[in-house]
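This report refers to the structure that appears directly beneath it.
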Amino acid sequence: MTTLIRARGLTRRYPVPKTGLFERRSFTTGLEDADLDVREGSAVGIIGESGSGKSTLVRLLLALDTPSSGTVEFDGRPVDATASARSLHWLRRQTGIVFQDPYASLDPRMSVGRIVGEPLWALGVEGDRRARVREVLEDVGLEAGMADRFPHEFSGGQRQRIALARALVHRPRLLVGDEPLSALDVTVRAQILELLGEVRARDGLTLVLVSHDIGVVQNLCDEVVVMKDGRIVEEGPTEKVLLQPQVAYTRRLLASIPVIDAGSS
């Protein structure tokens with residue numbers, strides 16, 4: 001299986017605002033010297049406490065933020081986060097992302113059809129774009145006719161399906177979920193989890209999933225990465241890491257986080 005994403009030495013430091021005129025500039029570290037390989041077709045879960053660097057890592061992988069040092073390659077091609085938006089179209093065409101809040105991530109002034117279809121127009125994807133929007137809405141369990149409605153007319157679970165449709169409409173090779181299930185109730189969470197599994201199997205997607213919910217990672221991911229204080233402290237096959245953790249922090253994390261049976265209804 002080929003490596004789709006290769007990250008080496010990724011570090012992100014943020015300047016701390018000065019409180020005095022003569023104070024020396026200082027920095028806080030969000031991510032420190034992270035190495036990561038994501039194999040094509042795999043599903044990788046990233047777990048850790050809040051502030052451990054999970055979201056920082058995925059933002060750097062997708063060139064949504066610029067690393068202080070380190071490199072990212074996508075399918076062997078260097079990713080330059082400082083490049084222009086147009087220069088990064090090739091990466092945007094290959095990737096999609098679903099965020100945590102299914103309402104905040106959708107523009108309330110735009111119809112569902114415009115929201116879902118926006119990547120097609122922005123990336124210059126050819127073909128019948130409106131037909132593709134209708135198709136992907138049905139793929140995520142919504143009706144094609146819902147394209148004319150607006151986000152406030154939908155439930156939280158339906159809005160997350162809309163966000164997923166937008167992430168998938170341009171047929172990316174990589175789907176990233178940054179806590180995509182945490183704002184949903186248990187029943188809806190199980191439905192979206194099942195949908196993610198179906199979409200991944202059908203389209204051969206590579207998945208990177210940030211989650212606090214160990215049950216979600218256990219159900220969906222082949223591999224798991226454990227983060228603490230901006231560093232990757234353990235990684236490996238999901239079953240091995242969750243059942244036989246080698247690092248004390250991983251054992252404490254597994255003991256402290258409630259496990260939700262994502263398959264229950």
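Scope of the values below: all heavy atoms of this structure, side chains included, with no hydrogens, waters or symmetry mates. Along the sequence shown, the residues carry numbers beginning at 1.
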Task: His170 (side chain) donor-acceptor with Thr95 (main chain) under 3.5 angstrom - done: yes
Open item on the list: Tell me the closest heavy-atom pair linking Ala7 and Leu61, and the distance in Å.
Closed with: CB-CD2, 3.9 Å
TODO: Check whether any side-chain heavy atom of Phe74 sits under 4.5 Å from a side-chain heavy atom of Leu174, and report yes or no.
DONE: yes
Open item on the list: I need the Ile162 CD1 to Leu137 CG distance, nearest 0.5 Å.
Closed with: 7.5 Å
- [ ] Given salt bridge (charged side-chain N to carboxylate O under 4.0 Å, His left out), test Asp37 with Arg8 step by step and report yes or no.
- [x] CA-CA 9 Å; Asp37 289 319; Arg8 290 294 179 269; 2.9 Å; yes
TODO: Determine whether Tyr14 and Val16 fall in the same hydrophobic cluster, where Ile, Leu, Val, Met, Phe, Trp and Tyr are linked whenever their side-chain heavy atoms lie under 4.5 Å apart.
DONE: no
Open item on the list: Is it the case that over 12 heavy atoms from other parts of the model lie below 6.0 angstrom from the CD atom of Glu153?
Closed with: yes
Open item on the list: Working to the nearest 0.5 angstrom, can you tell me the gap between Gln94 CD and Arg171 CZ?
Closed with: 13.0 Å
TODO: Answer yes or no: is there a side-chain heavy-atom contact under 4.5 Å between Arg130 and Arg134?
DONE: yes
- [ ] Taking all heavy atoms of Ile232 and all of Asp35, pick out the closest pair and write down the distance.
- [x] CD1-O, 3.4 Å
Task: Side-chain (Arg129) to main-chain (Val125) donor-acceptor, under 3.5 angstrom - done: yes
Open item on the list: Tell me the closest heavy-atom pair linking Pro172 and Ala167, and the distance in Å.
Closed with: CG-O, 3.3 Å
Task: Approximate separation, where rounding is to 0.5 Å, of Asp185 CG and Gln191 CD - done: 8.0 Å
Task: Evaluation steps, side-chain hydrogen bond (donor to acceptor under 3.5 Å, both in side chains), between Asp80 and Thr82 - done: CA-CA 5 Å; Asp80 181 6; Thr82 65; 2.5 Å; yes
- [ ] Verify the distance criterion only: is there a donor paired with an acceptor across the side chains of Glu223 and Thr238 at less than 3.5 Å?
- [x] no
Task: Check: Gln244 main-chain N/O paired with Gln246 side-chain donor or acceptor under 3.5 Å - done: yes
- [ ] Look at the side chain of Gln160 and the backbone N and O of Pro180, then say whether any donor-acceptor pair between them is shorter than 3.5 Å.
- [x] yes
TODO: Could you state whether Val176 and Leu205 fall into the same hydrophobic cluster, counting links through intermediate Ile, Leu, Val, Met, Phe, Trp or Tyr residues with side-chain heavy atoms under 4.5 angstrom apart?
DONE: no
Open item on the list: Hydrophobic cluster membership, with links at side-chain heavy-atom distances under 4.5 Å among I/L/V/M/F/W/Y: are Leu123 and Leu88 in one?
Closed with: no
I'd like a table of donor-acceptor pairs (distance under 3.5 Å, sequence neighbours excluded) in which one partner is a side-chain atom from residues 109-117, with atom names and distances.
from	atom 1	to	atom 2	distance (Å)
Arg109	NE	Asp107	OD1	3.1
Arg109	NH2	Asp107	OD2	3.2
Ser111	OG	Arg114	N	3.2

Open item on the list: salt bridge (charged side-chain N to carboxylate O under 4.0 Å, His left out) for Asp222 and Arg200? Distances and angles first, verdict last.
Closed with: CA-CA 12 Å; Asp222 313 311; Arg200 182 197 165 208; 2.7 Å; yes
TODO: May I ask you to check whether over 12 heavy atoms, not counting those of Arg202, lie within 6.0 Å of atom CZ?
DONE: yes
- [ ] Salt-bridge test for Arg159 and Asp101: reply yes if a basic N is under 4.0 Å from a carboxylate O, no otherwise.
- [x] no
Task: Heavy-atom side-chain contact between Asp139 and Glu135 under 4.5 Å - done: yes
Task: Closest approach of Leu106 to Pro151 (non-hydrogen atoms, all atoms of both residues) - done: CB-CG, 4.1 Å
TODO: Could you pull out the closest heavy-atom pair between Ser211 and Ile47, with the gap in Å?
DONE: O-CG2, 3.5 Å
Open item on the list: Is any side-chain heavy atom of Leu220 closer than 4.5 Å to one of Leu193?
Closed with: yes
- [ ] Would you give the length of the straight line joining atom CZ of Arg93 to atom CG of Leu120, rounded to the nearest 0.5 angstrom?
- [x] 8.0 Å
Task: Under 3.5 Å side-chain donor-acceptor pair for Glu234 and Thr250 - done: yes
Task: Heavy-atom pair with the smallest gap, counting every atom of Val136 and Ala165 - done: CG2-O, 3.8 Å
Task: Side chain Thr206, main chain Gly41, donor-acceptor under 3.5 Å - done: yes
Open item on the list: Any salt bridge linking Arg189 with Asp213? Criterion: basic side-chain nitrogen under 4.0 Å from a carboxylate oxygen.
Closed with: yes
TODO: Could you check if a side-chain atom of Val225 sits within less than 4.5 angstrom of a side-chain atom of Leu36, using non-hydrogen atoms only?
DONE: yes
- [ ] For Glu40 and Thr2, run side-chain hydrogen bond (donor to acceptor under 3.5 Å, both in side chains): C-alpha distance rounded to whole Å, both residues' side-chain angles, the deciding distance at 0.1 Å, then the answer.
- [x] CA-CA 6 Å; Glu40 187 159 20; Thr2 60; 3.2 Å; yes
Open item on the list: Using a 3.5 Å distance criterion without hydrogens, assess whether the side chain of Arg92 forms a donor-acceptor pair with backbone atoms of Leu62.
Closed with: yes
- [ ] Answer yes or no: is there a side-chain heavy-atom contact under 4.5 Å between Glu49 and Leu253?
- [x] yes
Open item on the list: I'd like to check Leu10 versus Leu57 (side-chain heavy atoms, cut-off strictly below 4.5 Å). Are they in contact?
Closed with: yes
Open item on the list: Donor-acceptor check, side chain of Arg231 to backbone of Asp33, threshold 3.5 angstrom: yes or no?
Closed with: no
Open item on the list: Pair Ser55, Asp178 - check side-chain hydrogen bond (donor to acceptor under 3.5 Å, both in side chains), show working.
Closed with: CA-CA 7 Å; Ser55 294; Asp178 191 355; 3.0 Å; yes
Task: Distance (rounded to the nearest 0.5 Å) between Leu196 CG and Ile192 CD1 - done: 7.0 Å
- [ ] Hey, could you give me the CG/CD1 distance between Leu64 and Ile97, rounded to the nearest 0.5 Å?
- [x] 5.5 Å
Task: Residues Asp65 and Arg12 bridged, charged N to O under 4.0 Å - done: yes
Open item on the list: Taking Arg13's backbone N and O only, do any of them form a donor-acceptor pair with Ser68's side chain (distance below 3.5 Å, no angle check)?
Closed with: yes
- [ ] Look only at the side chain of Lys54 and the backbone of Met227, and say whether a donor-acceptor pair between them is shorter than 3.5 Å.
- [x] no
- [ ] Find out whether Leu242 and Leu254 are in side-chain contact, i.e. whether some heavy atom of one side chain is under 4.5 Å from a heavy atom of the other.
- [x] yes
TODO: Answer yes or no: is there a donor N or O on one side and an acceptor on the other, between the side chain of Gln158 and the main chain of Ser155, under 3.5 Å?
DONE: yes
